[in-house]
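For reference, the structure is listed below as structure tokens.
All values below were derived from every heavy atom in this structure, side-chain atoms included, with hydrogens, water molecules and symmetry-related copies excluded. Order of listing sets the numbers, starting from 1, for every ligand and every atom in it. Being a predicted model, the structure only gives us computed values, none of them experimental.
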Amino acid sequence: MSASVVLMAYGSPERIEDVPAYYADIRGGRPVRTELLEDLTARYRRLGIEDRNPLNEITERTRAALELELGLPVFTGMKHWTPRIADAVNAALAGGAATIVGLVLAPHYSRMSIGGYRDQVEDALADRAELLFVESWHDDPALVEFWADRLRGTDAHVVFTAHSLPARILDEGDPYEAQLLESATAIARAAGLGRWSFSFQSESPTGEPWLGPDIPDHLEELQAQGVDRVLLAPIGFVADHLEIRWDLDTEARERAKELGLSLERAEMPNDDPAFVSVLAGIVRRVLAVRSTA
Ligand code: FEC
């Protein structure tokens with residue numbers, strides 16, 4: 001069996017001039033408000049993105065390290081930018097893959113997030129090879145241990161965070177929130193944390209209610225409860241990108257300062273060799289189950 005991995009990520013515009021097309025892709029044909037586009041462009045500019053984007057380079061480093069560890073071809077495909085998920089699938093097929101392991105760099109399943117990645121892989125693949133798609137890896141013991149290692153020994157109040165989604169997903173029976181709480185609980189237990197809570201972050205102004213609390217409100221609640229030191233653990237993400245560098249490191253930090261809270265953030269997994277081993281373990285397991293089935 002010749003297998004390849006299609007490693008998927010959200011994607012980030014490569015240059016500042018790409019932001020309008022990138023935002024249009026995220027909106028999927030729905031209108032983009034000018035002031036929101038200007039605000040998004042300003043955020044990328046403040047992070048120093050003009051002619052090259054260091055955020056995409058992290059994904060490339062992770063891809064290269066995973067390929068080396070697995071000894072299998074690994075192709076990256078972005079949900080909202082290039083290289084597209086379809087490009088990655090086509091490259092895997094051109095390299096002779098009969099089986100493709102589809103792994104998204106986001107551990108928790110929601111129809112609105114991982115479901116969208118899956119649709120793109122399946123459409124591109126059109127049954128030309130076998131697809132082993134990893135729906136969710138939030139409860140992978142090695143991932144739990146990875147985050148527990150990052151947090152063990154802290155005496156700050158740990159706030160686990162993840163991207164919010166429209167609250168209507170709960171009515172649709174979506175497992176996203178339950179999976180997030182499950183992984184936060186498992187990591188807190190493994191790290192022996194005394195005080196912790198969970199908060200969403202990064203909600204978009206789409207005109208409908210999103211899952212909460214949102215991180216600025218949650219920091220306020222914690223301050224009112226007498227907490228003075230917070231350590232953020234963004235377990236819904238794996239890399240230093242806009243949602244981490246802006247929403248947490250810039251906005252949440254400013255809010256914490258106003259509230260007189262000390263705020264730190266755990267280092268993101270990025271291409272840390274221990275994290276690459278977590279990813280490799282998931283791929284190996286999927287392929288092993290497939291070969292014994
Ligand atoms: O670093 C970067 O340049 C990209 C960072 C980035 C990541 C990310 C992850 C997730 N998102 C999820 C859901 C939504 C929904 C909407 C939405 C909108 C945006 C916008 C930007 C953006 N997201 Fe994102 N997301 C990232 C970036 N996201 C930019 C548009 C401007 C804004 O709202 O700030 C709302 C779409 C709409 O308007 O209809 C829903 C989820 C994740 C975590 C899973 C994953 O990584 O795929 C869920 C990283």
Side-chain angles (χ1 to χ4, degrees), residues 7-16 18-50 52-60 62 76-82 85 102-121 134-138 160-170 172 174-177 179-180 183 200-211 214-215 234-251 268-270:
L7 185 68
M8 289 163 273
Y10 201 84
S12 190
E14 197 48 43
R15 290 170 296 271
I16 208 80
D18 297 331
V19 176
Y22 171 71
Y23 197 5
D25 194 277
I26 291 175
R27 294 289 294 160
R30 285 163 301 130
V32 171
R33 295 205 332 252
T34 311
E35 69 274 22
L36 295 182
L37 174 60
E38 283 169 359
D39 176 67
L40 182 62
T41 308
R43 276 184 270 155
Y44 279 113
R45 191 159 265 142
R46 286 267 303 270
L47 292 184
I49 291 158
E50 285 295 337
R52 57 176 268 277
N53 183 337
L55 311 179
N56 285 332
E57 289 165 15
I58 298 170
T59 312
E60 170 50 25
T62 309
T76 38
M78 307 295 186
K79 192 180 198 184
H80 294 297
W81 202 242
T82 56
I85 289 173
L103 180 62
V104 181
L105 286 169
H108 305 85
Y109 182 86
S110 165
R111 175 68 193 96
M112 273 190 87
S113 65
I114 307 300
Y117 289 90
R118 185 177 195 137
D119 291 345
Q120 287 196 30
V121 181
V134 181
E135 297 262 317
S136 155
W137 42 285
H138 71 287
F160 295 99
T161 71
H163 205 294
S164 184
L165 279 174
R168 67 182 141 85
I169 66 163
L170 296 182
E172 295 157 5
D174 195 281
Y176 185 63
E177 186 175 38
Q179 287 193 358
L180 286 164
S183 44
F200 285 101
Q201 61 165 92
S202 314
E203 68 176 51
S204 291
T206 55
E208 63 178 327
W210 283 56
L211 296 171
D214 195 16
I215 190 71
I235 54 168
F237 303 92
V238 307
D240 280 308
H241 43 52
L242 183 76
E243 314 300 72
I244 301 300
R245 303 246 332 266
W246 184 264
D247 297 356
L248 297 183
D249 294 355
T250 310
E251 284 188 345
M268 296 307 288
N270 291 323

Step-by-step salt bridge (Lys or Arg N to Asp or Glu O under 4.0 Å) determination, Arg111 to Asp119: CA-CA 10 Å; Arg111 175 68 193 96; Asp119 291 345; 2.9 Å; yes

Ligand 1 versus Ile114: contacting region, heavy-atom distance under 4.0 Å: neither

Option whose closest heavy atom lies nearest to atom 29 (C) of ligand 1, chosen from Asp240, Ile49, Leu40: Leu40

Nearest non-hydrogen protein atom, atom 4 (C) of ligand 1: Tyr22 OH, 3.2 Å

Any side-chain heavy-atom pair of His241 and Arg245 under 4.5 Å: no

Closer than 2.8 Å to atom 24 (Fe) of ligand 1 - protein N, O or S atoms, ordered by chain and residue number: Tyr10 OH

Donor + acceptor pair across side chains of Gln201, Asp214 (<3.5 Å): no

Any N or O of Tyr117 closer than 3.5 Å to N or O of ligand 1: yes

Geometric N/O contact Leu242 with ligand 1, under 3.5 angstrom: yes

Distance from atom 30 (C) of ligand 1 to nearest protein heavy atom, with residue and atom: Tyr23 CE1, 3.4 Å

Residue, atom name and distance, where the atom is the protein heavy atom closest to atom 44 (C) of ligand 1: Ala106 CB, 3.8 Å

Worked check of ring-ring contact (aromatic ring centres under 6.0 Å, His included) between His163 and Phe200: CA-CA 6 Å; His163 205 294; Phe200 285 101; 9.2 Å; no

N/O separation below 3.5 Å, Lys79 to ligand 1: no

Gln179-Ser136 side chain donor-acceptor pair, cut-off 3.5 Å: yes

Tyr10 side, atom OH; Leu55 side, atom CG - distance, nearest 0.5 Å: 13.5 Å

Distance-minimising heavy-atom pair for Ile114 and Tyr109: CB-CD1, 3.6 Å

Ligand 1 atoms in contact with Trp210 (distance to a heavy atom under 4.0 Å): 15 (C), 16 (C), 35 (C), 40 (C)

Plane angle bin for His108 and Tyr176 - parallel if under 30°, tilted between 30 and 60°, otherwise perpendicular: perpendicular

Donor-acceptor pair between Ser12 and Asn53 side chains, under 3.5 angstrom: yes

Gly11 near ligand 1 by a heavy-atom separation under 4.0 Å: yes

Distance-only donor-acceptor check, side chains Trp246 and Glu251, under 3.5 Å: yes

Ser12, any N or O under 3.5 Å of ligand 1 N or O: yes

Arg30 neighbourhood, listing ligand 1 atoms whose heavy-atom distance to it stays under 4.0 Å: 37 (C), 39 (O)

Arg245, Arg43, His241: member with heavy atom nearest to atom 34 (O) of ligand 1: Arg43

Side-chain (Ser110) to main-chain (Met112) donor-acceptor, under 3.5 angstrom: yes

Note, Arg15 side chain near Ile49 side chain (heavy atom, < 4.5 Å): no

Backbone or side-chain N or O of Ser164 under 3.5 Å from ligand 1 N or O: no

Proximal atoms of ligand 1 relative to Tyr44 (non-hydrogen, under 4.0 Å): 2 (C), 3 (O), 4 (C), 29 (C)

Exam field: side chain Tyr22 to backbone Gly11, donor-acceptor pair closer than 3.5 Å: yes

Close-contact set for ligand 1 against Ser113 heavy atoms, below 4.0 Å: 48 (C)

Taking atom 38 (O) of ligand 1 as the reference point, the nearest protein heavy atom with its distance: Arg27 NH1, 2.6 Å

Closest approach of Pro234 to Thr161 (non-hydrogen atoms, all atoms of both residues): CA-OG1, 3.2 Å

